[in-house]
Amino acid sequence: DVLRLASSDDIGKDESNVMTLLKKHKDVTDELKNYQATIDALHEQACQLGEEDRESGPVVERLASIDRRYKELLEMAKIRKQRLLDALSLFKLFTEADGVEQWIAEKEKML
């Protein structure tokens, strides 16, 4: 579920929708950050294994895979957040442009 949300292409359709998506995204990134402690504990457990087990292929490979995938998730989340912030800026620009266009139209009627 975290992977699905972090890699989603949905950037909203208006300012309100983007704000909702940013809130959900914050919840996901908070969950990701909190999981770092679990990964650290896993590494600590591995360090407490006997030398032969600690340095065995399956243990080393699995920990490396977890670290790599976790970093990929963090990077995807970072990219998604930037895309959402960009979308928010765009929708705010549209809202402000609409206001300016209305003001111009009102002034044109007065002239």
Side-chain angles (χ1 to χ4, degrees):
D1 197 39
V2 171
L3 175 61
R4 182 183 58 78
L5 288 172
S7 63
S8 174
D9 288 334
D10 182 11
I11 56 169
K13 55 186 180 277
D14 58 30
E15 191 174 338
S16 168
N17 189 240
V18 174
M19 294 297 288
T20 300
L21 290 172
L22 276 167
K23 166 83 173 78
K24 288 179 185 177
H25 184 75
K26 183 186 180 316
D27 293 343
V28 168
T29 54
D30 287 348
E31 182 182 347
L32 276 173
K33 289 175 186 174
N34 290 338
Y35 222 78
Q36 179 64 55
T38 303
I39 293 171
D40 291 344
L42 198 59
H43 279 276
E44 185 61 37
Q45 280 181 311
C47 286
Q48 293 174 9
L49 294 173
E51 185 175 344
E52 187 175 322
D53 290 330
R54 177 177 57 236
E55 295 175 2
S56 70
V59 171
V60 170
E61 290 168 13
R62 200 149 183 202
L63 289 175
S65 174
I66 288 169
D67 289 341
R68 178 182 45 76
R69 292 171 63 204
Y70 181 71
K71 286 178 185 172
E72 288 171 0
L73 269 177
L74 290 174
E75 185 61 27
M76 283 191 300
K78 179 181 171 185
I79 291 168
R80 172 139 173 83
K81 181 178 181 183
Q82 188 57 55
R83 290 181 66 223
L84 288 170
L85 291 173
D86 290 347
L88 181 61
S89 295
L90 179 65
F91 289 127
K92 283 184 177 184
L93 172 85
F94 288 161
T95 299
E96 290 175 21
D98 288 345
V100 170
E101 287 175 340
Q102 275 185 322
W103 179 82
I104 289 172
E106 288 173 13
K107 297 306 170 198
E108 285 176 340
K109 289 178 185 175
M110 295 175 77
L111 299 177

Between [Y] and [X], is there a side-chain heavy-atom distance shorter than 4.5 Å?
| X | Y | value |
| --- | --- | --- |
| Arg83 | Asp9 | yes |
| Val100 | Glu96 | no |
| Lys81 | Leu85 | yes |
| Arg69 | Leu73 | no |

**Prompt:** Do Gln82 and Asp86 meet the criterion of a side-chain donor-acceptor pair at a distance under 3.5 Å?
**Reply:**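 The criterion, which ignores hydrogens and geometry beyond distance, is satisfied for Asp86 and Gln82.
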**Asked** Ignoring hydrogens and geometry, is there a side-chain-to-backbone donor-acceptor pair from Ser65 to Arg62 under 3.5 Å?
**Response**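 Here the side-chain-to-backbone pair does not exist.
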**Prompt:** Stepwise, does the side-chain contact (heavy atoms from CB on, under 4.5 Å) test hold for Lys24 with Thr20?
**Reply:** CA-CA 6 Å; Lys24 288 179 185 177; Thr20 300; 4.2 Å; yes
Out of curiosity, [X] [atom1] to [Y] [atom2], how far, rounded to the nearest 0.5 Å?
| X | Y | atom1 | atom2 | answer |
| --- | --- | --- | --- | --- |
| Ile104 | Glu106 | CD1 | CD | 10.5 Å |
| Thr38 | Tyr70 | OG1 | OH | 9.0 Å |
| Thr95 | Leu90 | OG1 | CG | 9.5 Å |
| Asp67 | Ile39 | CG | CD1 | 6.5 Å |
| Asp14 | Leu88 | CG | CG | 10.5 Å |
| Arg54 | Glu51 | CZ | CD | 5.5 Å |

Nearest heavy atoms of [X] and [Y], plus distance in Å:
| X | Y | value |
| --- | --- | --- |
| Ala87 | Val18 | CB-CG2, 4.2 Å |
| Leu22 | Leu84 | CD2-CB, 3.6 Å |
| Gly12 | Leu21 | N-CD1, 3.4 Å |
| Thr29 | Lys26 | OG1-O, 3.0 Å |

**Request:** Please check if atom CD in Glu52 has more than 12 non-hydrogen atoms from other residues, nucleotides or ligands closer than 6.0 Å.
**Result:**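 No - once you tally the heavy atoms of other residues, nucleotides and ligands closer than 6.0 Å, there are 12 at most.
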**Request:** Determine whether Ile79 and Leu74 fall in the same hydrophobic cluster, where Ile, Leu, Val, Met, Phe, Trp and Tyr are linked whenever their side-chain heavy atoms lie under 4.5 Å apart.
**Result:**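 Different clusters: Ile79 never reaches Leu74 through Ile, Leu, Val, Met, Phe, Trp or Tyr contacts under 4.5 Å.
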**Prompt:** Same hydrophobic cluster for Leu42 and Val60, using side-chain heavy-atom links shorter than 4.5 Å among ILVMFWY?
**Reply:**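 Different clusters: Leu42 never reaches Val60 through Ile, Leu, Val, Met, Phe, Trp or Tyr contacts under 4.5 Å.
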**Message:** Please determine whether a side-chain nitrogen of the Lys or Arg among Arg68 and Glu72 lies less than 4.0 Å from a carboxylate oxygen of the Asp or Glu.
**Reply:**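 Here Arg68 pairs with Glu72 in a salt bridge, since their nearest N and O are under 4.0 Å apart.
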